[in-house]
*Asks:* 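Could you have a look at this structure, given as structure tokens, before my questions?
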Amino acid sequence: MNRKDGFSQAILDWYDRNARELPWRRLGGAHPEPYHVWLSEIMLQQTTVVTVKPYFNHFISRWPQVSDLAAAELDEVLTAWAGLGYYARARNLHKCAVAVCHNYGGSFPADEAELLSLPGIGDYTAAAVSSIAFGKRAVVVDGNIERVVSRVYRIADALPQAKPVIKAHADVLTPSDRAGDYAQALMDIGSGVCTPRNPKCELCPVASFCDGFSAGDAETFPQKAPKKKKPTRKAHIFWIENGRGEVLVRRREESGLLGGMMEFPSTAWQEQAPVPDEVEALLTQIGVEGTSKPPVTTELVRHTFTHFHLELTPHVVKAGEAGGSGSNDAFWLAPDAFSTIALPTLMKKVVQSVFKGQGSLDL
DNA sequence: AAAGCGGGGCA
DNA sequence: TGCCCAGCTTT
């Protein structure tokens, strides 16, 4: 006899009473569109529901079927994704849409292992799509469920080492019926009740099953390995404007940080601030030497990535008559067209800084 | 096994 | 400020 007998039923009862409407969710037993479930799950990776909602609605409106998304250009998808972060997700999203159309006739497979083989779909997403969209039993474990399970069992091992142990416990708790509703309910509870700090145990439908609650130390789980401190990198970034009011932009490398997204030219991002010689060299390289006026420096732009802080010093440069973009892949673009390119949030901050510093420009 | 990879919201 | 998030891929 399972010591936690009744756990999943209590979770499902809570769901029937408390589940909220979401654009990708169907209440009352009907299964949502697999395309909607997949798209939402990719967007929700490391991203909050509030942030995802408008992006999800825009994607569904613009690309109603997975075949529409597969037929889109990658750059269109990146542009629509701009601001969501983790841009490899957008590239894999497009690859996955193409694969589903090419290999599965435009219908997502229901099988967890087949889903797992698709680009951008890992353990979590395969289990989530299989259970939520197709009603299959699958053991769904995300960050929320890890926290709930580690508290229910007072798992002493620290993350990420504890992941296999947590998965084994989660497996025992997962019901055969309504595994998708169960998973969504547990995630809702994890994000709204069983919160990282100050959990609302008085509102929790499974407090009576929770070892952490019984011991009065639920909040101390899950244990975590210590984190590294983030270094700070610095660079100079250039808003280079020609006589027509256009600004020089270029595309970043396809792989790596902000892969495939657009940017303004900058010196290398490094912990040591670049010396004036390097700044001069960059301006020469992109072909804007011989400017009549000295650059106007605007407010420092700060941005934090997963593993480092960044401080950019923006400079506004008026390019000379020639104004040629000598560099390979840079091109001129009017600021009112910035919304049509894949501009990440960091670069939007640069735009804001320049506009604030100039006062005369409007977007 | 560990590192790389955005951005926003919250205490 | 630091922490956390409906993680996946690459090394």
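Hydrogens, waters and symmetry mates are skipped; everything else that's a heavy atom, side chains included, is used. Each chain gets a letter, A, B and so on, in the order the sequences are listed, and its residues count up from 1.
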*Asks:* If you check every side-chain atom of H303(A), which of dG7(B), dA3(B), dG7(C) has the closest atom?
*Replies:* dG7(B)
*Asks:* dG2(C), OP1 or OP2 - any side-chain N/O from K229(A) closer than 4.0 Å?
*Replies:* no
*Asks:* Considering only the P atoms, how many Å lie between dG9(B) and dC8(C), rounded to the nearest integer?
*Replies:* 23 Å
*Asks:* Between atom CG in L118(A) and atom P in dC8(C), what is the gap in whole Å?
*Replies:* 12 Å
*Asks:* What's the spacing between K53(A) NZ and L44(A) CG if we round to 0.5 Å?
*Replies:* 11.0 Å
*Asks:* Could you check H303(A), H309(A), H307(A) and say which one makes a ring-ring contact (aromatic ring centres under 6.0 Å, His included) with F305(A)?
*Replies:* H303(A)
*Asks:* Measuring from the side chain of F305(A) (C-beta onward, heavy atoms only), which nucleotide among dG7(B), dG7(C), dA6(C) has the closest atom?
*Replies:* dG7(B)
*Asks:* I want to check one thing: is the phosphate of dC5(C), taken as OP1 and OP2, less than 4.0 Å away from some side-chain N or O of R147(A)?
*Replies:* yes
*Asks:* By the 4.0 Å heavy-atom rule, please label S40(A) as base, sugar-phosphate, or nothing.
*Replies:* nothing
*Asks:* Hey, does G83(A) reach any base, or is it just sugar-phosphate, or nothing, if we go heavy atoms under 4.0 Å?
*Replies:* sugar-phosphate
*Asks:* Among the candidates dG6(B), dA3(B), dC4(C), find the nucleotide nearest to the side-chain atoms of K224(A).
*Replies:* dC4(C)
*Asks:* When you match K349(A) and P160(A) each to their closest nucleotide on DNA chain B, which lands nearer the 5' end?
*Replies:* P160(A)
*Asks:* To the nearest Å, how far apart are I189(A) CD1 and dA6(C) C1'?
*Replies:* 14 Å
*Asks:* Contact class for L116(A) vs. all strands (heavy atom < 4.0 Å): base, sugar-phosphate, or nothing?
*Replies:* nothing
*Asks:* Under 4.0 Å between a side-chain N or O of K163(A) and OP1 or OP2 of dA1(B)?
*Replies:* no
*Asks:* When all nucleic acid strands are considered with a 4.0 Å heavy-atom cut-off, which category describes I42(A): base, sugar-phosphate, or nothing?
*Replies:* nothing
*Asks:* Please state the P separation for the pair dC5(B) and dA6(C) - nearest whole angstrom.
*Replies:* 23 Å
*Asks:* Heavy atoms under 4.0 Å, any strand shown: does D188(A) hit a base, just sugar-phosphate, or nothing?
*Replies:* base
*Asks:* Once you apply a heavy-atom cut-off of 4.0 Å, does G256(A) come out as touching a base, just sugar-phosphate, or nothing?
*Replies:* sugar-phosphate
*Asks:* Would you mind classifying the nucleic acid contact of I145(A) as base, sugar-phosphate or nothing, using non-hydrogen atoms under 4.0 angstrom?
*Replies:* nothing
*Asks:* Quiz question: by atom type and distance under 3.5 Å, do the side chains of Y124(A) and Q45(A) form a donor-acceptor pair?
*Replies:* no
*Asks:* Is any side-chain N or O of T345(A) under 3.5 Å from a base N or O of dG6(B), one able to act as donor and the other as acceptor?
*Replies:* no
*Asks:* Does E219(A) come within less than 4.0 Å of R197(A), counting only side-chain N to carboxylate O?
*Replies:* no
*Asks:* Rounded to whole angstroms, how far apart are CE on M187(A) and P on dG7(C)?
*Replies:* 8 Å
*Asks:* Take V50(A) and H307(A), find for each the nucleotide of DNA chain B with the closest heavy atom, and name the residue whose nucleotide sits nearer the 5' end.
*Replies:* H307(A)
*Asks:* Tell me yes or no: between the side chains of D188(A) and Q184(A), is some donor less than 3.5 Å from an acceptor?
*Replies:* no
*Asks:* Rounded to the nearest Å, what distance is computed from the NZ atom of residue K230(A) to the P atom of nucleotide dG4(B)?
*Replies:* 12 Å
*Asks:* In this structure, how many angstroms lie between the P atom of dG2(C) and the CG atom of N198(A), rounded?
*Replies:* 20 Å
*Asks:* For the pair made of NZ in K53(A) and P in dG9(B), what is the distance, rounded to whole Å?
*Replies:* 14 Å
*Asks:* For dG7(B) and Y87(A) - does any side-chain N or O of the residue sit under 4.0 Å from the phosphate oxygens OP1/OP2?
*Replies:* yes
*Asks:* The side chain of R197(A) is closest to which nucleotide in this list: dC3(C), dC8(C), dC5(C)?
*Replies:* dC3(C)
*Asks:* Figure out the NE2/P separation between H309(A) and dC5(B), and round it to whole Å.
*Replies:* 15 Å
*Asks:* Please confirm whether the shortest side-chain N or O distance from Q45(A) to OP1 or OP2 of dA6(C) is below 4.0 Å.
*Replies:* no
*Asks:* Which value, in whole Å, describes the distance between the C1' atoms of nucleotides dG8(B) and dT9(C)?
*Replies:* 23 Å
*Asks:* What's the closest nucleotide to the T47(A) side chain, out of dG6(B), dA6(C), dG7(B)?
*Replies:* dG6(B)
*Asks:* Is any side-chain N or O of T306(A) under 3.5 Å from a base N or O of dG7(B), one able to act as donor and the other as acceptor?
*Replies:* no
*Asks:* For the side chain to side chain contact (heavy atoms under 4.5 Å, CB included) test, which of I42(A), L115(A), I121(A), L39(A) pairs with C96(A)?
*Replies:* I121(A)
*Asks:* Starting from C1' on dG8(B), measure out to CZ on R302(A) and report it in whole angstrom.
*Replies:* 18 Å
*Asks:* Does D75(A) come within less than 4.0 Å of R251(A), counting only side-chain N to carboxylate O?
*Replies:* yes
